Amino acid sequence: MIDDRGPVVHQALLIHRLIELRRGQGLTQEKVARSLEWSHAKLMRYEGGTQVLPKADLDALLDLYRVLGTAQGRKLQEIGRKARDKPWWYPHRHALSVEERYYVGLEMGAARIRQCAPALVPGLVRTRDYAHAVCSMVDPDGEVGTLVEVLMGRQGVMLTRSPVPEQVYVLDEAVLRRIVGGREKPGVMVRQLHHLVERSASVQLRIIPEEAGLHFGALGGFTLFDFDEGLPPVLHTEHRGRVVASKKEEDVHSYAEAFDRLVEEHALDACRSLELIEHHARRLQDRTNAAASEGRAETHVNSVETSAGAGEDPGVPAGDLLAVSEPRPPPPPPFSTGLGAEAGSE
């Protein structure tokens, strides 16, 4: 099976294994740094994940830990090679912040993704039009097209991973009611709601109804990433447009418990959640169709009135075109606000 978890998660896995080896040897960071004639800061950067290990330095560590040339050492060398690979989004890195790159990297390699979304549809289940509307609002002067393409790429990666990671999304009902795209483009939200219905076959969507009242998720969105092979989970919280990552056990545990409470105590079950999404989709579709019908009717009326204004006598009101047997009123004087002038000007 191809390991497609990406360089960020492979880097995290490599660091996790190397720290285990160091501690198993009873070595401190200071002792390792002295043995390899490195600065302590250099080893801290490696173990902190802020710098990718070059092959030569990885081999030096494996030799010190007495696994170089063994099956375990070769496995770690392979993980190290994958950690040095360029991610698929590398050509677009200039459009992403450091935090966003880390988030996308974790997302690419997670075994399970749990996300609470109180304001907007989660990125991995957005349509292109919805994503474009959101990116245009968040960064109107930025590279909107590039950000949308990155998001579409993220979705593609999720669909092609093997196995596909488990995904659970908790959405506030307000997300379904918010007309992203504006009243002038209601089709954007209609298509998004239909897309959620389609995606419900492969991801878990749980909706918190409005009558549930205040809940933990209303304080801000958050995402929990879980991984295989003993890697600890990572929490990402959102506040004022900033995404902050935390690996602290107490933070992760607290938010994981909060997520479980949202699912068990506040959100509708999967079937009722789907019914609510379908309800809002039908409701918005009906409103959109009614507005379109009214627009067509208004266009027809305007067309008739314009035809009336273009007749032999521009002062004849549109309603009098059929009353040919009745005397026609004389044209109004200039600057009059009479009916005839209004009909001819519309």
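None of these values were measured; they are calculated from a predicted model.
Ser254 contributes no side-chain N or O that, together with a main-chain N or O of Asp251, makes up a donor-acceptor pair within less than 3.5 Å. Between the side chain of Thr146 and the main chain of Ala95, no donor-acceptor pair closer than 3.5 Å is present. Checking side-chain atoms of Arg17 against main-chain N and O of Gln72 turns up no donor-acceptor pair under 3.5 Å. A side-chain donor-acceptor contact under 3.5 Å links Arg101 to the backbone of Arg93. Gln25 contributes no side-chain N or O that, together with a main-chain N or O of Arg66, makes up a donor-acceptor pair within less than 3.5 Å.
When every heavy atom of Arg112 is checked against every heavy atom of Pro165, the shortest pair comes out as N-CB, 4.5 Å. Between Ser35 and Leu64 the shortest heavy-atom distance is CB-CD1, 4.1 Å. Across all their heavy atoms, Pro118 and Gly220 have their closest contact at CG-C, 4.0 Å. Listed here is the closest heavy atom pair of Val180 and Ala133: CG1-CB, 3.7 Å. Closest approach of Val148 to Cys135, counting heavy atoms only: CG2-SG, 4.2 Å. When all heavy atoms of Val150 and Trp88 are compared, the pair lying nearest together is O-CH2, 3.2 Å.
Leu176 is listed as a side-chain neighbour of Leu196, based on a closest heavy-atom distance under 4.5 Å. Side-chain atoms of Ile15 and Leu18, non-hydrogen and from C-beta on, never get closer than 4.5 Å to each other. For the pair Tyr103/Thr223, a side-chain contact is recorded, criterion being any heavy-atom separation below 4.5 Å from C-beta on. Between Ser97 and Glu100, some side-chain heavy-atom pair lies under the 4.5 Å cut-off. A heavy-atom distance below 4.5 Å is found between the side chains of Leu120 and Arg126. Taking 4.5 Å as the limit, some side-chain heavy atom of Arg84 sits within range of a side-chain heavy atom of Lys55. At least one side-chain heavy atom of Ile113 sits less than 4.5 Å from a side-chain heavy atom of Met158. Between Leu124 and Arg154, some side-chain heavy-atom pair lies under the 4.5 Å cut-off.
Placement of Met189 and Val138 within a single hydrophobic cluster is found when ILVMFWY residues are connected by side-chain heavy-atom separations under 4.5 Å, directly or transitively. Both Phe225 and Trp89 sit in one connected hydrophobic cluster of ILVMFWY residues. Membership requires side-chain heavy atoms under 4.5 Å apart, directly or through other members. With hydrophobic clusters built from ILVMFWY side chains whose heavy atoms lie under 4.5 angstrom apart, Val197 shares a cluster with Leu268. Note on Leu61 and Met44: separate hydrophobic clusters, where clusters join Ile, Leu, Val, Met, Phe, Trp and Tyr whose side-chain heavy atoms are under 4.5 Å apart, directly or indirectly. No path of Ile, Leu, Val, Met, Phe, Trp and Tyr side chains, each step under 4.5 Å between heavy atoms, connects Val104 with Leu151, placing them in separate hydrophobic clusters.
Every residue was checked against the salt bridge (Lys or Arg N to Asp or Glu O under 4.0 Å) condition with Glu143, not counting sequence neighbours, and none meets it. Remark: Arg114 pairs with Asp226 by the side-chain hydrogen bond (donor to acceptor under 3.5 Å, both in side chains) rule, at least two apart or across chains. By the side-chain contact (heavy atoms from CB on, under 4.5 Å) test, Lys185 pairs with Val188, sequence neighbours left out. Residues forming a side-chain contact (heavy atoms from CB on, under 4.5 Å) with Met137 (at least two apart in sequence, or on another chain): none. Partners of Arg23 by side-chain contact (heavy atoms from CB on, under 4.5 Å), not counting sequence neighbours, listed by chain and number: Ile19. Under the ring pair (Phe, Tyr, Trp, His ring centres under 6.0 Å) criterion, Tyr46 pairs with Trp38, sequence neighbours left out. The side-chain hydrogen bond (donor to acceptor under 3.5 Å, both in side chains) check on Ser202 picks up Arg199, with sequence neighbours excluded.
Here the CG-CG distance, from Leu14 to Leu58, works out to 5.5 Å after rounding to the nearest 0.5 Å. Taking CG of Leu62 as the start and CG of Asp57 as the end, the distance is 11.0 Å to the nearest 0.5 Å. In this structure, CZ on Arg128 lies 13.0 Å from CD on Gln192, to the nearest 0.5 angstrom.
Remark: Glu229 engages Arg5 in a salt bridge, criterion side-chain N to carboxylate O under 4.0 Å. Under 4.0 Å is where a charged nitrogen must lie from a carboxylate oxygen, and between Glu78 and Lys75 no such pair does.
Using cut-offs of 30° and 60° on the angle between ring planes, the pair Tyr102 and His236 is tilted.
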Derivation and outcome, side-chain hydrogen bond (donor to acceptor under 3.5 Å, both in side chains), residues Glu47 and Gln29 | CA-CA 9 Å; Glu47 292 197 353; Gln29 286 182 333; 2.8 Å; yes
side-chain hydrogen bond (donor to acceptor under 3.5 Å, both in side chains) between His92 and Glu149: does it pass, once the steps are laid out?
CA-CA 9 Å; His92 307 299; Glu149 289 306 317; over 6 Å; no
Exercise. Using the side chain to side chain contact (heavy atoms under 4.5 Å, CB included) rule, take Arg283 and Arg177 through it: C-alpha gap first, then chi angles, then the decisive distance, then the call.
Key: CA-CA 10 Å; Arg283 175 173 170 270; Arg177 299 175 64 89; 3.8 Å; yes
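Among residue pairs with one or both ends in residues 118-172, none qualify as ring-ring contact (aromatic ring centres under 6.0 Å, His included); sequence neighbours excluded. Counting only residues at least two apart or on different chains, the side-chain hydrogen bond (donor to acceptor under 3.5 Å, both in side chains) pairs with a member in residues 262-282 are Glu173-His280.
Heavy-atom contacts from other residues, nucleotides or ligands closer than 6.0 Å to CD of Glu30 number more than 12. Enclosure of atom NE2 in His253 is not indicated, since only 12 or fewer non-hydrogen atoms of other residues, nucleotides or ligands lie within 6.0 angstrom. Counting heavy-atom neighbours within 6.0 Å of Glu250 CD, excluding the residue itself, gives a total above 12.
In the hydrophobic clustering (ILVMFWY side chains linked at under 4.5 Å, chained through shared members), Leu214 stands by itself. Grouping Ile, Leu, Val, Met, Phe, Trp and Tyr residues whose side-chain heavy atoms lie under 4.5 Å apart, directly or via other members, leaves Leu159 alone, with no other cluster members. Under a 4.5 Å side-chain heavy-atom criterion applied to ILVMFWY residues, the cluster that includes Phe259 comprises Val168, Val170, Ile208, Phe216, Leu219, Phe222, Leu224, Leu235, Val252, Tyr255, Leu262, Val263 as well.
Side-chain polar atoms of Asp85 and His10 form no donor-acceptor pair below 3.5 angstrom. Side chains of Glu198 and His194: a donor-acceptor N/O pair is absent below 3.5 angstrom, by distance only.
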